[in-house]
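Residue numbers start from 1 in every chain, and the chains themselves are labelled A, B, ... in the order their sequence lines are given, proteins ahead of strands. It should be emphasised that the depicted structure is a prediction, and the values quoted were computed from it without experimental measurement.
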Protein chains: 2
Amino acid sequence: MVKKLRRPRGDSRPAIFQAAAHEFALRGYDAAGVDRIADKARVNKAMLYYHYGSKQGLYVEVLHDMFRAVGARTRAIAQGPDAAEMKLDAWIVTMVEEAAARPWFPPIMLRELASGAAHIDAETFGMMNAVFMAVRDVILQGQREGTFREVDPLLTYFTILPAILIFFARQRVVAEKRKTVQSFAAAAPREVDEFIRHMQGSARALLRRQT
Amino acid sequence: MVKKLRRPRGDSRPAIFQAAAHEFALRGYDAAGVDRIADKARVNKAMLYYHYGSKQGLYVEVLHDMFRAVGARTRAIAQGPDAAEMKLDAWIVTMVEEAAARPWFPPIMLRELASGAAHIDAETFGMMNAVFMAVRDVILQGQREGTFREVDPLLTYFTILPAILIFFARQRVVAEKRKTVQSFAAAAPREVDEFIRHMQGSARALLRRQT
DNA sequence: GTCTATAAATAGATAGAC
DNA sequence: GTCTATCTATTTATAGAC
């Protein structure tokens with residue numbers, strides 16, 4: 001008889017966090033199953049409530065973890081001494097790295113944008129907004145320096161950001177559908193390095209003052 | 001006693017369609033409730049199964065309706081006689097008009113991109129892909145004509161499209177959160193005309209050959 | 001075409017033993 | 001910290017009367 005594999009005792013909290021992040025990314029908040037999260041983390045469902053209180057509480061932790069990391073790095077870049085173009089390049093690298101380090105980040109953020117931020121509390125919303133504020137500062141700096149056009153910072157932010165989010169979300173789509181749907185043969189997955197160059201070039205093209 | 005308002009008999013099918021489109025957009029496929037759809041359409045739940053067979057069948061109809069409309073208009077533009085820059089401008093107007101005419105289109109498509117197209121059958125996937133193919137043809141045309149840079153058509157498509165989708169999805173976020181979250185005061189809603197100009201300008205900036 | 005009633009499965013959450 | 005058992009509400013779907 002095969003003994004059921006067990007995690008070492010005491011590390012159930014991070015195991016639940018990981019499993020929840022993946023489940024929320026895969027199915028969205030409402031469709032995510034507390035039972036499925038517990039199974040994936042190989043813990044009892046009651047442990048989830050012991051550590052996090054509720055499904056909502058668990059979701060908020062995942063969101064805060066995301067925006068803490070992204071927010072801190074974005075603010076650091078915005079407050080640095082570099083020229084605006086360099087800062088924008090660095091921010092794109094940051095977002096790509098965070099999306100790669102937390103694969104659940106792009107799907108979750110896309111879903112929240114799609115649902116009107118339905119499951120986001122005021123505090124988390126403030127963290128989301130702080131990221132925008134920092135990027136807006138960089139765009140305004142570039143406009144003061146004369147290197148950027150007089151674009152609308154908000155509309156420009158929401159042109160660059162979703163492109164990054166969708167790139168990562170799309171990688172999964174392509175990988176899975178290419179097996180069965182021949183019409184998607186043209187859409188080979190792209191390399192991350194190639195995408196960073198594309199995105200940096202796109203952002204510069206969007207913002208650079210015409211001559 | 002107040003008599004319950006009734007729809008005229010016989011038009012339950014379109015009423016269900018409308019209600020379903022909104023429910024799918026608001027909550028996503030998995031979290032959408034057949035009961036809620038029936039209530040919203042003011043029909044009995046059994047009617048939904050009578051007309052559409054299943055929740056999945058209803059969802060597929062909503063998807064097909066979306067991509068039929070977008071696909072036909074996109075193909076017509078791509079096959080027309082205009083220069084590539086004009087075609088791209090026209091396509092952006094098309095997408096904005098379709099998103100305005102079908103408010104459920106941007107949220108549903110964003111969710112599918114976020115979930116890896118989990119609920120999309122092969123046929124619908126082909127329709128989605130046909131839109132990309134037509135836009136790719138326009139980009140290739142512009143490159144042959146010498147007006148567009150040698151960008152990757154796929155990465156460029158997925159830079160322009162999500163910006164349009166998110167703009168509409170975001171309008172709802174802003175409208176609702178601005179009431180309660182003061183930190184979002186900076187993010188006033190934008191006018192659609194203003195957005196079209198921004199998006200056409202962005203697409204041209206992305207693609208125009210540098211001098 | 002339209003309705004009621006209900007089946008059968010699954011959801012989030014909790015009490016209480018260990 | 002960890003587990004079993006269970007409560008209650010909600011889910012998709014169907015059978016059958018009208």
| request: May I ask you to say what B:Ala32 touches in the nucleic acid, namely base, sugar-phosphate or nothing, with a heavy-atom cut-off under 4.0 Å? | output: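 Since only primed, P, OP1 and OP2 atoms lie under 4.0 Å of B:Ala32, the category is sugar-phosphate.
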Quickly work out the [X] [atom1] to [N] [atom2] distance and round it to whole Å.
X	N	atom1	atom2	answer
A:Ile16	D:dC3	CD1	C1'	13 Å
B:Gln56	D:dT12	CD	P	13 Å
A:Tyr50	C:dA17	OH	C1'	16 Å
B:Lys45	C:dT6	NZ	P	13 Å
A:Leu48	D:dC3	CG	C1'	14 Å
B:Glu23	D:dT12	CD	C1'	14 Å
B:Asn44	C:dA5	CG	P	11 Å
B:Asp39	D:dT12	CG	P	12 Å

[X] side-chain proximity, nearest of [options]:
X	options	answer
B:Arg36	D:dG1, D:dT11, C:dT2	D:dT11
A:Tyr49	C:dT2, D:dT12, C:dA13	C:dA13
B:His51	D:dT12, C:dT2, C:dA11	C:dT2
A:Ser54	C:dC3, C:dA11, C:dA13	C:dA13

| Got a sec, which residues hit ring pair (Phe, Tyr, Trp, His ring centres under 6.0 Å) with B:Phe167, two or more places apart in sequence or on another chain? |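 Here the qualifying residues are B:Phe195.
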Between [Y] and [X], is the closest basic N to carboxylate O distance under 4.0 Å?
X	Y	value
B:Glu23	B:Lys55	no
A:Asp82	A:Lys87	no
A:Asp30	B:Arg27	no

| request: For the residue pair B:Tyr29 and B:His119, categorise the inter-ring angle as parallel (less than 30°), tilted (30 to 60°) or perpendicular (more than 60°). | output: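 B:Tyr29 vs B:His119 ring planes: tilted.
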| message | Students often mix this up, so state it plainly: with edges at 30° and 60°, are the rings of B:Tyr157 and B:Phe132 parallel, tilted or perpendicular? | response |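 Geometry flag for B:Phe132 against B:Tyr157: tilted rings.
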| request: Please check the phosphate of C:dT2 (OP1 and OP2 only) for any side-chain N or O of B:Ser12 closer than 4.0 Å. | output: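 Checking C:dT2 against B:Ser12, a side-chain N or O does come within under 4.0 Å of OP1 or OP2.
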| said: I want to confirm an ordering. Mapping A:Lys55 and A:Ala46 to their closest nucleotides on DNA chain C, which one lands closer to the 5' end? | reply: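 The residue mapped nearer the 5' terminus is A:Lys55.
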| query | Tell me, do B:Asp89 and B:Arg204 make a side-chain contact under 4.5 Å, heavy atoms counted? | reply |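 B:Asp89 reaches B:Arg204 side chain to side chain.
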| message | Let's test your reading of the pairing rules: Watson-Crick or G-U wobble, both distances under 3.5 Å, then write DNA chain C as a dot-bracket string with ( ), [ ], | and dots. | response | |||||||.||.|||||||
